[in-house]
Asker: 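Take a look at the following structure, please.
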Amino acid sequence: MPDRTRTQAEVVLDALAGRPDGAAVRALRGVRAAVVGGFVRDTLIGRVPREIDLVVEGDTAEIAAALGGTLTSYESFLAARVSGDGWSIDITQARRERYPRPGALPIVEPARLEQDLARRDFTVNAIAVTLERGELIAAEGALEDLAAHGLRVLHDESFIDDPTRVMRLARYAHRLGFTVDPHTAALAAAADLGTVTGSRIGAELRLALLEPDPLAPLADLTEKLPITVDRALVQAALALAPPDASRTLLILAAVTRERAPATWIESLELLARERDVVLQAKRAPELAAAIEAAKSPSELGAILRGVPVEVIAIAGALGSAAATRRWLTELRHIALEIDGDDLLAAGIVAGPELGARLERTLARKLDGQIDDGRQAELESALGERP
Ligand code: ATP
């Protein structure tokens, strides 16, 4: 628990000073800047904050220069990120926001710190401590909500302006263990994520997947997004997943597999590999049936070679875990010691036959039909025409 003999502002400023990146912030004396959002919220409830967000009335460039480090500016958003050795701090210019239509990105204009707090998502995130004077400024009811561990929007249009806030709400509720105020819950229930671009939903999904227990917020969103959360299935798939699998991608693929239309998945603007895995996961039940029907390791290889490991783990969780585990831990690593050059040198002409000979030899090796070593492989590959 924070020390009650110090003011809340002092607790926040002391926490800031104690961080490696806090040293940079201390150089900001004389600049009208405040620390805001997650840093203040987490410090005041005794959690370790993840990152520092600063808000400044005036130019972000001045602050960035005082911090040193490398500056990346996002001018249309009046925002910048400054990073140095092992630290990075987000700085935003205090702003007012206007939403041209529900779900659209806001039009922003410079404003006072108090107005900046009013445009935030939840009251517990609308608390700031100024660096200059150590003054605590909070949206109405914010300190009470924080003390009560409650999540409440600042106004009734909040989820209409920006429906992605329902995804943020789910994340905070589970990560912090906070209770959602009933009126806020009713407003969230009416929110329509359909007004938001897929890329913004994709970005929020990514954040949800990085939470300590991603399935908890995702389970709250099954009526808003085309996802299904089957915790037992995901756990079984994660247990099968090899170290080279991406756990977050596996979860995304597992929750979108049944209900998400391909067009929706495309709209999320995922990376190419992510999109590929998520789309391929739709075939998991088919793969599960094929794994179960496979009568030999080589048949398993014919089904699974080239399929992403995340998709294989999901298929295994739906069907035969034992065969899938054997493929993932052992069989998929079996490769030939010889290659096409060896066959060319032995007089096989380049072309499909050469490939077929290598394939047949690998199948025999998987099924334990040839001895170990190059010689046995070569004899097998050079045997009768495949
Ligand atoms: P954490 O980093 O612990 O998830 P955070 O509160 O710092 O929490 P960020 O995503 O870094 O979260 O956002 C910083 C602050 O910006 C938030 O505390 C909130 O006040 C504000 N904010 C972020 N996204 C929105 C949004 N969509 N609508 C309104 N305010 C937002």
Side-chain angles (χ1 to χ4, degrees), residues 12 15-16 19 21 33-56 60 74 77-83 87-99 102-108 111 113-129 137-143 145-146 149 151-178 184 187-188 191 193 195-197 199-214 216-217:
V12 171
L16 198 59
R19 285 175 61 115
D21 41 6
V35 59
V36 69
F39 189 90
V40 179
R41 178 198 69 219
D42 287 349
T43 303
L44 291 180
I45 57 170
R47 283 176 70 95
V48 178
R50 303 215 275 205
E51 55 188 20
I52 299 177
D53 284 300
L54 297 181
V55 60
V56 49
T60 50
Y74 308 97
F77 294 109
L78 308 176
R81 168 165 289 187
V82 185
S83 24
W87 57 269
S88 118
I89 295 175
D90 284 328
I91 309 169
T92 52
Q93 186 171 349
R95 83 275 300 278
R96 228 194 324 244
E97 289 181 346
R98 203 156 43 78
Y99 288 82
L105 285 174
I107 296 166
V108 299
L113 182 55
E114 288 76 5
Q115 293 167 311
D116 182 278
L117 293 181
R119 59 95 191 166
R120 291 181 182 259
D121 47 5
F122 306 107
T123 57
V124 296
N125 287 340
I127 307 172
V129 175
I137 305 172
E140 203 186 324
L143 291 173
D145 287 337
L146 187 64
H149 289 190
L151 289 166
R152 192 162 58 84
V153 283
L154 284 123
H155 59 90
D156 282 5
E157 276 74 49
S158 189
F159 295 119
I160 297 171
D161 288 345
D162 181 357
T164 64
R165 290 174 185 158
V166 294
M167 299 177 74
R168 301 179 63 83
L169 182 72
R171 286 199 288 121
Y172 288 130
H174 290 283
R175 178 175 1 127
L176 304 172
F178 279 19
T184 295
L187 296 171
L193 275 168
T195 63
V196 180
T197 59
S199 77
R200 290 188 65 207
I201 298 204
E204 282 294 332
L205 270 176
R206 227 178 255 290
L207 294 174
L209 292 165
L210 294 175
E211 290 291 325
D213 176 11

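Each residue takes its place number in the sequence, starting with 1. Every number for a ligand or one of its atoms is a count from 1 in the order of the listing.
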Asker: For E140, give me all partners under side chain to side chain contact (heavy atoms under 4.5 Å, CB included), at least two apart in sequence or on another chain.
Answerer: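 Per chain and number, E140 pairs via side chain to side chain contact (heavy atoms under 4.5 Å, CB included) with no residue.
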Asker: In the structure I gave you, are the side-chain heavy atoms of F39 and V12 within less than 4.5 Å of one another anywhere?
Answerer: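 The answer is yes, as the side chains (C-beta and beyond) meet within the 4.5 Å cut-off.
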Asker: Listing by chain and number, which residues have a heavy atom under 4.0 Å from ligand 1?
Answerer: G37, G38, R41, R50, E51, D53, R119, R120, D121, N125, D162, R165, R168, R171, Y172, R175
Asker: Rounded to the nearest 0.5 Å, what separates atom OH in Y99 from atom CZ in R119?
Answerer: 7.5 Å
Asker: Does some side-chain heavy atom of D42 sit less than 4.5 Å from a side-chain heavy atom of L176?
Answerer: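 Side-chain contact under 4.5 Å: yes.
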Asker: Does the distance from a Lys or Arg side-chain N to an Asp or Glu carboxylate O, for R200 and D162, drop under 4.0 Å?
Answerer: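 Judged by the 4.0 Å cut-off on N to carboxylate O distance, R200 and D162 do form a salt bridge.
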Asker: Would you check if the side chain of R152 reaches a backbone N or O of D145 as a donor-acceptor pair within less than 3.5 Å?
Answerer: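 Flag not set: sc R152 to bb D145 has no pair under 3.5 Å.
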